[in-house]
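Report on the structure given below.
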Number of protein chains: 2
Amino acid sequence: MKVEFDQSRPIYLQIIEDIKRQIATGVLKPGDKLPSQRDLAVQLQVNANTVQRAYREMELLGIVETLRGQGTFVRAERSIVEETRGDMVSTLVEEFVTAMQALGYDAEAILLHVRQKLADTAGNGGERNGK
Amino acid sequence: MKVEFDQSRPIYLQIIEDIKRQIATGVLKPGDKLPSQRDLAVQLQVNANTVQRAYREMELLGIVETLRGQGTFVRAERSIVEETRGDMVSTLVEEFVTAMQALGYDAEAILLHVRQKLADTAGNGGERNGK
DNA sequence: CTTAGTGCACTAGGCGCCTAGTGCACTATT
DNA sequence: AATAGTGCACTAGGCGCCTAGTGCACTAAG
């Protein structure tokens, strides 16, 4: 697995975001078992304590559930999955639009840039199945 | 001035981003004098050394120019201003689109969300003068 | 020359993130 | 009972960011 972490942000937060994304996209489903703290630590080439911290935080967030001696599992009922997904999207869009407006772009200009980027991506093998 | 800093990221980086944004949007123009390190520190309620670090970094980036004993000035010739602006937008759009795709959204869905957000913002007193 | 404003270098310490290592409690399997 | 896998707590240390404070060199204005 890839180990790319943004050097300027806490790793444990990035681990949480990654797992939340996997839950939101259905890669991880309710009831699924997460890798053990030790395993994920090896996989991400990170210290076990860092993974431990990420898992603990997610437990407090109600995203996962821990069974001592057995492992950590995706707790999310349907509603929570969708809520998580919704929250992530809202935050993303919110921050993007705000930042673009702060740079002086109006609605049209923002949409234009997004369309352009999407067109580029579609061209470069970044083919996405249309569902 | 407001002092809101993202707790999870280095303050000196956020100071740099803010100033780059001001340059990109024309709030700060080539030749303009930045606040002195001490003044900005007071203004942002941050230690002078933190501002010092931000200024030093920007000097290395070629964004500003320092005249010992006089102050720090926006160095950017036209070309650099536009380049800075372009870089910031590219990065923003790139990261936004990538993140949305990682969440499983296709082009249409992404555009829809952006349009929706823009519509909201336009409605809520977030009125932007049409230049 | 004196004074004020500036950039800049330096020391010292607090705090959070991360690493490293150890040990214990619990569960499931054998 | 023994073993392996798990979550979890604890200690110790390194490092980066930030704060706090001081002093020096340079520039401009009086």
Side-chain angles (χ1 to χ4, degrees), chain A residues 1-20 22-23 28 30-76, chain B residues 1-20 22-23 28 30-76:
Chain A
M1 183 185 191
K2 277 313 190 61
V3 200
E4 293 167 22
F5 286 114
D6 181 339
Q7 195 62 14
S8 78
R9 289 173 50 226
I11 294 177
Y12 79 95
L13 288 180
Q14 298 178 58
I15 293 177
I16 292 176
E17 280 173 20
D18 185 58
I19 293 178
K20 279 171 71 176
Q22 290 186 44
I23 293 176
L28 284 174
D32 277 1
K33 183 177 180 302
L34 296 182
S36 76
Q37 296 177 352
R38 292 170 177 77
D39 283 355
L40 187 56
V42 171
Q43 195 176 329
L44 300 180
Q45 297 182 36
V46 157
N47 191 274
N49 285 324
T50 303
V51 176
Q52 182 177 327
R53 177 161 188 175
Y55 279 21
R56 192 193 314 150
E57 204 92 348
M58 286 192 293
E59 171 113 50
L60 294 179
L61 290 175
I63 299 175
V64 300
E65 193 172 18
T66 269
L67 298 183
R68 198 185 180 97
Q70 300 187 51
T72 303
F73 302 83
V74 178
R75 178 175 170 282
Chain B
M1 183 187 192
K2 276 315 190 59
V3 199
E4 293 167 22
F5 286 114
D6 181 340
Q7 195 60 14
S8 79
R9 290 172 50 226
I11 295 177
Y12 79 96
L13 288 180
Q14 298 179 57
I15 294 176
I16 292 177
E17 281 172 19
D18 185 58
I19 293 178
K20 280 170 72 176
Q22 291 187 43
I23 293 177
L28 284 174
D32 277 359
K33 183 176 180 303
L34 296 182
S36 77
Q37 295 178 352
R38 292 171 178 78
D39 282 355
L40 187 57
V42 171
Q43 196 177 328
L44 300 179
Q45 297 182 35
V46 157
N47 191 273
N49 285 325
T50 304
V51 176
Q52 182 178 328
R53 178 159 188 177
Y55 278 20
R56 191 193 312 149
E57 204 92 348
M58 286 193 292
E59 170 115 50
L60 294 178
L61 291 174
I63 299 176
V64 300
E65 192 172 18
T66 269
L67 298 183
R68 198 184 180 98
Q70 301 187 48
T72 303
F73 302 82
V74 179
R75 178 175 171 281

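Chain letters run A, B, ... following the sequence lines, proteins first and then strands; every chain starts at 1. Everything quoted here is computed from the prediction, not taken from an experiment.
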* To do: With a 3.5 angstrom cut-off on both distances, give the Watson-Crick or G-U wobble partner of dA29(D), or none if there isn't one.
  => dT2(C)
* Asked: Would you say the side chains of Asp18(A) and Gln14(A) form a donor-acceptor pair under 3.5 Å?
  -> no
* Whole angstrom value for the distance that separates P of dG7(D) from CG of Asn47(A) -> 15 Å
* With Glu17(B), which residues qualify under side chain to side chain donor-acceptor pair (under 3.5 Å), at least two apart? -> Arg9(B)
* Distance, nearest 0.5 Å, that separates CD1 of Ile19(B) from CD1 of Ile63(B) -> 8.5 Å
* Asked: Rounded to whole angstrom units, what separation is found between the CG atom of Leu44(B) and the P atom of dT19(D)?
  -> 10 Å
* Partners meeting side chain to side chain contact (heavy atoms under 4.5 Å, CB included) with Glu65(A) (sequence neighbours left out) -> Arg75(A)
Below 3.5 Å between N/O atoms, which protein atoms pair up with nucleotides 2-6 of chain C? Just atom names and distances, please.
residue	atom	partner	partner atom	Å
dG5(C)	N2	Gly69(B)	O	3.0

* Side chains of Phe5(B) and Leu44(B) in contact at under 4.5 Å (non-hydrogen atoms) -> yes
* Can you give one letter per nucleotide of nucleotides 10-17 of chain C, going 5' to 3': B for a protein heavy atom under 4.0 Å from the base, S for sugar-phosphate only, - for none? -> B------S
* Report the distance from atom CZ of Phe73(B) to atom C1' of dG7(C), rounded to the nearest whole Å. => 11 Å
* How many Å lie between CD on Glu65(A) and P on dG7(D), as a whole number? -> 13 Å
* Asked: Under a 4.5 Å cut-off applied to non-hydrogen side-chain atoms, are Leu34(A) and Leu40(A) in contact?
  -> no
Report, one line per pair, each donor and acceptor closer than 3.5 Å where one atom sits in a side chain of residues 52-61 of chain A; sequence neighbours left out.
residue	atom	partner	partner atom	Å
Tyr55(A)	OH	Pro35(A)	O	2.7
Glu59(A)	OE1	Thr66(A)	OG1	3.1

* Structure fact -> Between Pro10(A) and Ser8(B) the two heavy atoms that sit nearest each other are CD-O, 3.6 Å
* **Complementary nucleotide for dT22(D) - Watson-Crick or wobble, under 3.5 Å** => dA9(C)
